[in-house]
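Just below is one structure, and these are the notes that go with it.
Along the sequence shown, the residues carry numbers beginning at 1.
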Amino acid sequence: MDLKNKTIFITGGSRGIGKAIALRAAQDGANIVVAAKTAEPHPKLTGTIYTAAEEIDKAGGRALAVIMDIRSEEQVRSAVEKAVKTFGGIDILLNNASAIFLAATTETPMKRFDLMHQVNVRGTFVASQACIPYLKKSDNPHILTLAPPLKLEARWFAQYLAYTMSKYGMSMCVLGMSEELKPEGIAVNALWPRTTIATAAVQNLLGGDEMIRKSRKPDIMADAAHFILTSDSQSITGNFFIDDEVLASHGISNLDKYAVEPGQELMQDLFL
């Protein structure tokens with residue numbers, strides 16, 4: 001099974017892991033909806049929804065760039081309607097949009113708290129809610145959310161409570177929706193990286209070039225996502241997948257090609 005002619009709605013897909021997953025799907029000839037708010041170049045971040053769409057088209061897919069702020073229910077529903085009008089339906093939702101701010105309770109401005117919960121938890125919920133009616137009509141529907149496995153350990157909450165709550169909120173959406181939507185045949189799963197991934201967020205917020213050297217490329221998440229999204233939705237739901245475990249289950253054990261700097265000691269990601 002491949003993703004040819006499947007329509008994938010990706011939140012925040014203008015760069016990083018979301019774009020990597022889009023480009024992998026484009027190789028199959030998928031339709032990709034790049035729904036994000038970056039319409040103009042950012043001084044610290046590369047790429048816009050339009051440059052991402054160009055790359056997707058060149059990779060063999062069909063792209064639709066839609067300006068969308070995940071915090072706006074109206075914009076999310078409008079973007080979903082544009083996707084359906086353009087491609088005839090939605091087969092896959094990738095809840096990729098996420099905001100991060102790593103700080104202790106007293107050092108977290110409420111503005112940052114609100115942003116993370118609006119983007120991470122509320123955004124995942126509203127995008128799923130808007131797409132479900134169309135996913136029900138697909139012959140192999142999937143919701144894949146980039147969220148960590150649920151481990152209720154104090155160490156993950158003690159250091160950056162607000163961020164952990166927001167990411168675990170995404171995970172709880174997976175836990176609840178997977179069971180709720182099982183009768184509809186909609187697979188709902190989570191995917192999380194074993195190591196840090198070389199993205200702008202990691203470089204700008206978690207340690208600069210040194211952290212990038214200890215990371216893997218977004219391609220590992222793209223390949224893992226591809227295996228999940230090409231699986232039978234009736235038989236694969238409610239899982240909290242880790243990228244290297246997905247690849248290992250498909251016979252891929254040598255992961256050297258995914259390292260930014262082969263041989264460098266890798267930095268394990270949060271929540272594992």
Side-chain angles (χ1 to χ4, degrees), residues 3 5-26 28 30-42 45-59 61-100 115-135 137-138 141-147 166 170 173-174 177 186 188 190-191 199-201 218 221-222 225-226 229:
L3 298 174
N5 296 324
K6 297 292 185 181
T7 297
I8 307 175
F9 189 97
I10 303 180
T11 66
S14 59
R15 61 177 66 92
I17 294 172
K19 189 180 79 169
I21 294 174
L23 291 174
R24 178 62 187 87
D28 288 358
N31 305 319
I32 313 290
V33 183
V34 184
K37 66 176 184 176
T38 309
E40 300 293 334
H42 189 282
L45 301 171
T46 60
T48 67
I49 56 174
Y50 303 113
T51 58
E54 289 177 6
E55 291 184 56
I56 290 166
D57 287 336
K58 289 178 181 178
R62 293 176 61 206
L64 172 66
V66 181
I67 299 174
M68 184 194 80
D69 187 334
I70 192 70
R71 295 170 293 179
S72 166
E73 178 184 359
E74 182 179 283
Q75 289 187 32
V76 171
R77 296 193 182 282
S78 175
V80 168
E81 293 302 322
K82 288 178 183 177
V84 173
K85 184 176 181 180
T86 302
F87 296 122
I90 294 176
D91 300 288
I92 295 167
L93 166 63
L94 179 66
N95 285 311
N96 166 74
S98 189
I100 181 172
L115 175 66
M116 287 189 286
H117 283 75
Q118 288 167 354
V119 173
N120 300 354
V121 190
R122 189 177 185 275
T124 294
F125 190 93
V126 71
S128 300
Q129 187 183 72
C131 287
I132 286 170
Y134 302 103
L135 291 170
K137 301 175 184 179
S138 172
H142 284 263
I143 296 176
L144 183 61
T145 300
L146 301 191
S166 69
M170 296 174 73
C173 285
V174 173
M177 289 181 192
I186 300 174
V188 184
L191 177 62
T199 62
M221 289 288 281
H226 190 269
L229 298 176

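Counting heavy atoms from C-beta on, the side chains of Val80 and Ile90 come closer than 4.5 Å. Taking the side chain as every heavy atom from C-beta outward, Ile49 and Ile67 approach each other to under 4.5 Å. Using a 4.5 Å heavy-atom threshold, the side chains of Ile21 and Asn96 count as separate.
Taking Glu54 as the reference, nothing meets the salt bridge (Lys or Arg N to Asp or Glu O under 4.0 Å) condition, with sequence neighbours excluded. Contacts of Arg122 classified as side chain to side chain donor-acceptor pair (under 3.5 Å), with partners at least two apart in sequence or in another chain: none. Applying the ring-ring contact (aromatic ring centres under 6.0 Å, His included) rule to His117 yields the partners Phe113; only residues at least two apart in sequence or on another chain are considered. With sequence neighbours left out, the side-chain contact (heavy atoms from CB on, under 4.5 Å) criterion links Leu23 to Lys19, Glu55, Ile56, Ala59. Scored by the side chain to side chain donor-acceptor pair (under 3.5 Å) test, Asp69 finds Arg71 as partners (sequence neighbours excluded). Looking at residues two or more places apart in sequence or on another chain, you find a side-chain contact (heavy atoms from CB on, under 4.5 Å) between Ala99 and Leu115, Met116, Val119, Asn120. Not a single side chain to side chain donor-acceptor pair (under 3.5 Å) links Tyr50 to another residue, sequence neighbours left out. Take Lys6 and apply the side-chain contact (heavy atoms from CB on, under 4.5 Å) test, not counting sequence neighbours, and it matches Leu3, Asp91, Asp139, Asn140. In this structure, the side-chain contact (heavy atoms from CB on, under 4.5 Å) partners of Ser72, at least two apart in sequence or on a different chain, are Glu74, Gln75. In terms of the side chain to side chain donor-acceptor pair (under 3.5 Å) criterion, residue partners of Asn95 (sequence neighbours excluded) are, by chain and number, Ser128, Thr145.
Of all non-hydrogen atoms in Ala25 and Ile8, the two that sit nearest each other are CB-CD1, 3.5 Å. Between Val76 and Ala130, the shortest heavy-atom contact is CG1-CB, 4.2 Å. Of all non-hydrogen atoms in Phe9 and Ala83, the two that sit nearest each other are CD1-CB, 4.0 Å. Across Phe87 and Ile32, no two heavy atoms sit closer than the pair CE1-O, 4.4 Å. Smallest separation of non-hydrogen atoms from Ala36 and Ser14: CB-OG, 4.2 Å. When all heavy atoms are compared, the tightest approach of Ala20 to Pro218 is CB-CB, 3.6 Å.
Put simply, CZ on Arg62 and CG on Asp57 are 9.0 Å apart, with the number rounded to the nearest 0.5 Å. Taking OG1 of Thr124 as the reference point, atom CE of Met177 lies at 7.5 Å (rounded to 0.5 Å). Of the inter-residue distances, the one linking Leu229 atom CG with Leu191 atom CG reads 9.0 Å to the nearest 0.5 angstrom. Rounding to the nearest 0.5 Å gives a distance of 3.5 Å between OH of Tyr134 and CD of Glu81. Within the model, atoms CZ of Arg77 and SG of Cys131 stand 9.5 Å from one another, a figure rounded to the nearest 0.5 Å.
No donor-acceptor pair under 3.5 Å is formed between the side chain of Arg24 and the backbone N or O of Ala222. Side-chain atoms of Thr199 never come within 3.5 Å of backbone atoms of Gly16 as a donor-acceptor pair (strictly under, hydrogens ignored). The backbone N or O of Leu135 sits nowhere less than 3.5 Å from a side-chain atom of Ser138 that would complete a donor-acceptor pair.
Partner of Val33 under the side chain to side chain contact (heavy atoms under 4.5 Å, CB included) criterion, chosen from Thr11, Val66, Ile10, Thr86: Val66.
Each side-chain hydrogen bond (donor to acceptor under 3.5 Å, both in side chains) pair with one or both residues in residues 30-40, not counting sequence neighbours, appears once here: Thr7-Asn31.
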